Structures are given as C-alpha cells and as structure tokens.
Amino acid sequence: MPSISVFGAQWGDEGKGKIIDLLSRDVDFVVRYQGGANAGHTVIVGGEKYVLHLIPSGILHKGRVNVIGNGLAVDPLALMEEIQGLCERGVQVTGENLRLSRGAHVIFQHHRRADQLAERWLGEGRIGTTGRGMGPCYADKAARTGLRIGDLLEADRCRTRLQAALAEKNALFEKVHGEEALDLDTQLDIYMGLGDQLRPFVGDTGAEVRRAYDEGKSVLFEGAQGVMLDIDHGTYPFVTSSNTGTGGVPAGAAFPAQNIDRAIGIAKAYCTRVGEGPFPSEDHGAEGQAIREAGCEYGATTGRPRRCGWFDAVAVRYALELNGAESLVMTNLDVLSGFPELRAAVAYDCDGERLEDFPAFTPLERFSPIFESHPGWTEDITGVREFADLPPAAQSYVTWIEEIVGRPISMLSVGPSREQIIPRGL
Ligand code: GDP
Ligand code: IMO
Ligand code: MG
C-alpha cells in the first residue's frame, strides 16, 4: 500500500477514525491535509474511546509518523490540549511521531469568535458550523492576511501580522457586533507561548512525506469531513471551508497528485448530517429517530444530534467518481439490524424528471429522492467476522448497494471497535 487516500463519501462522520486507525496498522505515515478541530474522529481500542480532532488517527499505533499538513487550519490551543490529553492517557506524542507543518494556518481566538458571531448574524440562514473558527481562518488564508504556524515562531513577524489582523477584526467586533476588542499583547503572549510549546513538532512536513514515499515508505492520507461538505463540490453554502476529498491532498499535504496510488471512500450503511443544509434522503419520522438511537448519532465534536436518513446512492456515486475511488468501505451495518424494511435513494426527482447523476452546483433543495426498498434482518451482527456468516438479507443489502453505487465494498464495519470488521478481500 504505497499511498492511499481515504475520505468521507457522505456528509462526515462516516467512521473514518475507526477505519483509518485500522488501516494504520499497515502504513508508515498518516497525513491529514485539510480541515481542523471541526473534525471528530472516534477510535475505540481495548474498550477505551479516543476522539481525535487534529491529530491523525494513526497515533494509537506505535511507530507511525502522524502529520498535520500545511492545508489544515490549526487551533494551537486545541492541539496542545489534544496532545496533553493523549499523553495523560499513556499515548506517547513526541516530535518523532507527530509532525506539524510550518505552513498550516493558525486559528486564533478572533477566528473562533468571528465564526460564532457570523452564525448569529446569519440567523435562520446559519450554516450550523462547529464554531471552531474554520471559515474565518480559511477566509484570511485566501485574503492573505492569515498567520501560519511558522509565524508563531518568529516574534517580530508574529507581532506585525497579528497587529494588522486584529486591527481589522477588532473593528468588526466593536463596530458591527458591539463586542469588546481583543488585546494584542494578551493574544501575542498566549499564541507565542503556544508556538513555543509546539516548536518540537514543527517542520517542512511536505518534504518529509515526499522523501519517505520516495524511499518506499507507505503513506495514508486521512480526510476529514466528507465530500458533500467540500467547499467546491459539496452542498454549498452548507459546507466546510476546505477540499475534503482526494483533490485536497496535493495542495494540503504538499504531495504530488500523480503519486496518490489509490483512493477509498467511506460511507455508512445509512446517512447522517450535522448542521444545516439539504439532505435529500433524510428521514424526519420515527425511522430517522430510530437510526439516531441505534447508531448513537450525536456529534463527536459538538454533541449535537445528527440528522439521520437512508443511504443516498446518488451522492455516494458522485463522491466516489469525483475522487477516483476504486472501492468503498461500509460502516455501521450493524445499526440497521431490526429495521423490517431498508431504503436507499437510487435517483433524484426534479419536477417529474428522473436524475441518476448528482446535480453538482445546483441547490439540492429542488430535488427529492426516489427510494427503492430492500428487506431488513433482525439478527445482531456485531459479532460476525465473515461475510458468509451475515444473515442473507444483510449480504444481499451489501451487494445491492454495490450495484447501485457501481463500486465494490472492500470492507464492512459492524461495530465501533477495531476488531468489528468483515474484510471482503476485494
Ligand atoms: P468520523 O468523523 O468519520 O471519524 O466518524 P465519527 O467518529 O464522528 O462518528 C462515527 C461514530 O460511529 C463513532 O461513534 C464511532 O465509534 C462509531 N462507529 C464507527 N464504525 C461503526 C460501526 O461499524 N458500527 C457502529 N455501531 N458504530 C460505529
Ligand atoms: P468529521 O471529520 C460532520 C459540518 C458542520 C457544518 C459545516 C461547516 O468528524 O467527519 P465548519 O465548522 O467546518 O465551518 O462547519 O460542516 N462539519 C462536520 N459534520 N463531521 C465533521 O467532521 C464536520 N466538520 C464540519 O456541522 O454543517
Ligand atoms: Mg466525526
């Protein structure tokens, strides 16, 4: 497995943390390339639950190098808390097994505040962000007013750039929102202090990963969020602020596109979404509620209840095609046990017209799903480890999904723990 990109093929929370932890057994480097602490990747090992936000999901395996690439928006406070939290639980995090790009953008307190104020300002039109400052930080990156991790390590540069950034943000806080200004010296103290603490982890991670790949080491690129939340290809404007799929890897990890050897999408056996925005296959009734309870569908970062619905083959097909994925990993199959009838959206309807292809760049609100049904099963499948041991209806559900997404399912997950996996050898 020289290099592989693993991404979320729905609206996030597909179980990327669990699958990436599992795949990390066989790789040397695990590299995040976008997003930030808006992500919440859950890994359960030996009954212990870890929720990772910025640190890649390979950290629980000894000997892996975990990389936070230049494409991330890093909140240094959140990162230090995450490092300390892991160390307190006996997981070693050092400058050897965690690398932080000098080029990653810094999320400051003013970004978090601006994110929350913007949401309040938008009112009914809010995105339902995680409030972690992602949008404002990426906006500053594009406006060329942001600071990068390397800037925190140089006092003069940090002061000049933060002063300019705060002058603008404070005017917004005071004049538009009627909030108090943030004090430059206090902010400098906090963030330069954090920069000092992070210094041992900082380097040119792109060069480190490219060199390792050239020497024959294997690299896994860990996506955060999901394709439907991609800033370009998702359900804009109800998206996050980065390129969440394989397309984000070259820029966000400083890794040549032609060296990405494989891509795999991850999707749940049903579908969830947190925050606002269109979700064609959402079930607003008792079954959506039942999926939420059976799947414990509450956000790993914010604790918000996730909106739940049925598998959307139109969206997943698009996600896999767009990202050049050869196969799909299906998670949470166990959650569907006990539903007498399962459904999946196989196409969309728009004013009586049937659409098989995902309507990219068109507001999804105009489309309603065309569902097909599949018989359910009642057995608990959390202990099953072989495809042949699944109830026939579960086997047939999986092969039906393969048919309607047009890609093989290479692995099934039947519970949150590492060992609850059914490999399919495809
Ligand atoms: P991520 O953001 O894609 O890493 O996913 P999250 O960690 O936010 O959410 C996935 C949730 O599903 C977590 O609570 C996982 O522990 C859990 N999970 C992962 N795989 C499975 C599975 O196959 N079955 C069940 N029941 N839960 C799973
Ligand atoms: P993981 O990596 C699910 C959603 C938010 C909101 C929108 C924009 O755990 O799958 P942001 O804070 O990024 O500006 O919010 O994106 N969102 C996620 N939903 N899983 C995530 O990450 C998400 N990260 C952001 O709920 O709708
Ligand atoms: Mg998550």
Side-chain angles (χ1 to χ4, degrees), residues 6-22 32 34-45 48-54 56-57 72-73 75 107 111-112 114-116 118-119 126-139 222-231 234-242 244 265-279 291 293-307 329-337 380-382 384 411-422:
V6 182
F7 62 89
Q10 295 167 318
W11 274 273
D13 303 328
E14 297 89 348
K16 298 177 292 294
K18 167 181 166 160
I19 300 300
I20 289 163
D21 162 72
L22 191 76
R32 281 273 309 267
Q34 48 71 231
N38 50 349
H41 295 180
T42 313
V43 181
I44 298 182
V45 183
E48 288 273 312
K49 175 171 163 173
Y50 300 86
V51 181
L52 301 162
H53 300 285
L54 280 158
S57 302
L72 277 87
D75 181 338
I107 293 195
H111 290 123
R112 287 201 305 271
D115 187 1
Q116 289 152 18
E119 285 284 274
R126 72 186 177 281
I127 293 160
T129 71
T130 58
R132 298 295 191 270
M134 306 309 302
C137 180
Y138 278 119
E222 171 173 0
Q225 291 79 54
V227 173
M228 303 313 292
L229 290 171
D230 183 287
I231 179 97
T235 52
Y236 190 89
F238 300 99
V239 292
T240 190
S241 303
S242 59
T244 56
I266 304 187
K268 280 176 179 156
Y270 48 93
C271 193
T272 63
R273 170 166 204 165
V274 205
E276 309 302 318
F279 177 6
I291 293 176
E293 295 318 316
C296 305
E297 293 293 358
Y298 296 88
T301 295
T302 58
R304 290 178 290 176
R306 294 176 181 148
R307 298 157 60 191
V329 172
M330 179 188 271
T331 58
N332 293 50
L333 185 63
D334 54 298
V335 173
L336 294 183
S337 289
D380 175 354
I381 59 168
T382 53
V384 176
M411 204 191 274
L412 295 166
S413 175
V414 289
S417 304
R418 243 186 212 170
E419 58 282 1
Q420 289 176 302
I421 275 289
I422 303 180

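Just so you know, ligand 1 is whichever comes first in the structure, and atom 1 is the first atom listed for that ligand. Predicted model only: the values in this text are computed from it and were never measured. Positions are given from 1 along the sequence.
- Of all the heavy atoms of Val51, none lies under 4.0 Å from any atom of ligand 1, so neither backbone nor side chain is involved.
- Residue-ligand proximity, Gly15 to ligand 1, at heavy-atom distances under 4.0 Å covers atoms 1 (P), 3 (O), 4 (O), 5 (O).
- Of the inter-residue distances, the one linking Phe7 atom CZ with Gln225 atom CD reads 14.0 Å to the nearest 0.5 angstrom.
- Interatomic distance, Leu333 CG to Gln420 CD, rounded to the nearest 0.5 Å: 12.0 Å.
- In terms of protein heavy-atom proximity, atom 13 (O) of ligand 2 is nearest to Thr240 OG1, 2.6 Å.
- In terms of N/O distances under 3.5 Å, ligand 2 is not approached by Glu14.
- Heavy-atom proximity to atom 27 (N) of ligand 1, evaluated over Leu22, Thr382, Asn332, is greatest for Asn332.
- The Mg ion (ligand 3) has an N, O or S atom of Gly40 under 2.8 Å away, backbone or side chain.
- In terms of modelled atom types and a separation under 3.5 Å, the side chain of Thr331 and the main chain of Glu14 share a donor-acceptor contact.
- Judged by distance alone, the side chain of Thr301 and the main-chain N or O of Ala39 form a donor-acceptor pair under 3.5 Å.
- Here Ile20 contributes atom CD1 and Leu52 contributes atom CG; the two are 10.5 Å apart, rounded to the nearest 0.5 Å.
- Among all protein heavy atoms, the one lying closest to atom 27 (O) of ligand 2 is Val274 O, 3.1 Å.
- With hydrogens left out, the protein atom closest to atom 24 (N) of ligand 1 is Asp334 OD1, 2.8 Å, a heavy atom.
- The atoms of ligand 1 that sit less than 4.0 Å from any heavy atom of Ser413 are 20 (N), 21 (C), 22 (C), 23 (O).
- Every atom of ligand 2 is numbered from 1 in the order shown, and the set under 4.0 Å from a heavy atom of Ile127 is 8 (C), 27 (O).
- Around atom 14 (O) of ligand 1, the closest heavy atom drawn from Ile44, Thr42, Ile422, Thr301 belongs to Thr42.
- Nearest protein neighbour of atom 3 (C) of ligand 2, counting heavy atoms only, is Asp13 OD2, 3.2 Å.
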For side-chain contact (heavy atoms from CB on, under 4.5 Å), just list the numbers for Leu336 and Tyr270, CA-CA rounded to whole Å, side-chain angles, deciding distance to a tenth of an Å, and then say yes or no.
CA-CA 8 Å; Leu336 294 183; Tyr270 48 93; 3.9 Å; yes

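- Considering backbone and side-chain N/O of His41, one or more are found under 3.5 Å from N/O of ligand 2.
- Side-chain atoms of Arg307 come within 3.5 Å of backbone N or O of Gly275 as a donor-acceptor pair.
- A distance-only check finds a donor-acceptor pair linking the side chain of Asn38 to the backbone of Gly36 [under 3.5 Å].
- Judged by the shortest distance from any of its heavy atoms, Trp11 lies inside the 4.0 Å radius around the atoms of ligand 2.
- The residue from Gly12, Ser337, Gly40 that puts a heavy atom closest to atom 2 (O) of ligand 1 is Gly40.
- Counting heavy atoms under 4.0 Å from ligand 1, residue Ala300 touches it through the side chain alone.
- Annotation for ligand 1: atoms under 4.0 Å from non-hydrogen atoms of Val414 are 23 (O).
- Of the possible donor and acceptor atoms, none in the side chain of Gln116 sits under 3.5 Å from a partner among the backbone N and O of His111.
- Lys18 and Ser413 form a side-chain donor-acceptor contact under 3.5 Å, judged by distance and modelled atom types alone.
- The ligand atoms of ligand 2 that sit less than 4.0 angstrom from a heavy atom of Gly128 are 5 (C), 6 (C), 26 (O), 27 (O).
- Between Met411 and the options Ile266, Ile422, Val329, a side-chain contact (heavy atoms from CB on, under 4.5 Å) holds for only Val329.
- Remark: side-chain polar atoms of Arg304 are paired, donor with acceptor, to backbone N or O of Gly128 under 3.5 angstrom.
- Atom 16 (O) of ligand 2 has its closest protein heavy atom at Leu229 CD2, 3.7 Å.
- Residue Thr129 places no N or O, backbone or side chain, under 3.5 Å from any N or O of ligand 2.
- When all heavy atoms of Tyr298 and Pro305 are compared, the pair lying nearest together is CD2-CA, 3.5 Å.
- Taking every non-hydrogen atom of Lys18 and a distance limit under 4.0 Å, the qualifying atoms of ligand 1 come out as 20 (N).
- Close to ligand 1: Gly415, with a non-hydrogen atom less than 4.0 angstrom away.
- For the residue pair Gln34/Tyr138, the side-chain donor-acceptor check at 3.5 Å is not satisfied.
- Among protein heavy atoms, atom 12 (O) of ligand 2 sits closest to Thr130 OG1, 2.6 Å.
- Atoms of ligand 2 found under 4.0 Å from any heavy atom of Gly275, numbered from 1 in the order shown, are 27 (O).
- Inclusion of Gly17 in the set of residues having an N or O under 3.5 Å from an N or O of ligand 1 is warranted.
- Using a 4.0 Å cut-off between heavy atoms, Lys16 contacts ligand 2 through its side chain alone, with no backbone atom that close.
- When only interatomic distances are considered, the shortest N/O to N/O separation between Gly135 and ligand 2 does not fall below 3.5 Å.
- Looking only at atom types and distance, the side chain of Arg132 has no donor-acceptor partner in the side chain of Thr240 under 3.5 Å away.
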Determine whether Glu297 and Lys268 satisfy the following criterion, salt bridge (charged side-chain N to carboxylate O under 4.0 Å, His left out), listing intermediate values before the conclusion.
CA-CA 12 Å; Glu297 293 293 358; Lys268 280 176 179 156; 3.1 Å; yes

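- Residue-ligand proximity, Arg304 to ligand 2, at heavy-atom distances under 4.0 Å covers atoms 5 (C), 26 (O).
- Remark: ligand 1 atoms within the under-4.0 Å shell around heavy atoms of Val335 are 26 (N).
- In plain terms, the two heavy atoms of Cys137 and Ala73 that are nearest each other are SG-CB, 3.7 Å.
- Those atoms of ligand 2 that come under 4.0 Å of a heavy atom in Ala39, given as number and element, are 1 (P), 2 (O), 9 (O), 22 (O).
- Below 3.5 Å of separation, one finds an N or O of Asn38 facing an N or O of ligand 2.
- Among all non-hydrogen protein atoms, the one lying nearest atom 22 (O) of ligand 2 is Gln225 NE2, 3.4 Å.
- With contacts defined as side-chain heavy-atom distances shorter than 4.5 Å, the pair Thr235/Trp11 qualifies.
- Every atom of ligand 2 with a heavy atom of Ala224 under 4.0 Å away is listed here by number and element: 2 (O).
- In Asp13, the N, O or S atom that comes nearest to the Mg ion (ligand 3) is OD1.
- Taking a cutoff of 4.0 Å between a charged side-chain nitrogen and a carboxylate oxygen, Glu222 and Lys16 do not qualify as a salt bridge.
- Polar contact with ligand 2: present for Gly40 (N/O pair, distance under 3.5 Å).
- At a 4.0 Å heavy-atom cut-off, ligand 2 does not touch Arg132 at all.
- If you look at Arg306 next to ligand 1, the close heavy atoms, those under 4.0 Å, all belong to the side chain.
- Side chains of Thr129 and Asp115: a donor-acceptor N/O pair is present below 3.5 angstrom, by distance only.
- Considering backbone and side-chain atoms alike, Glu14 places an N or O below 3.5 Å from some N or O of ligand 1.
- Using a 4.0 Å cut-off between heavy atoms, Val239 contacts ligand 2 through its backbone alone, with no side-chain atom that close.
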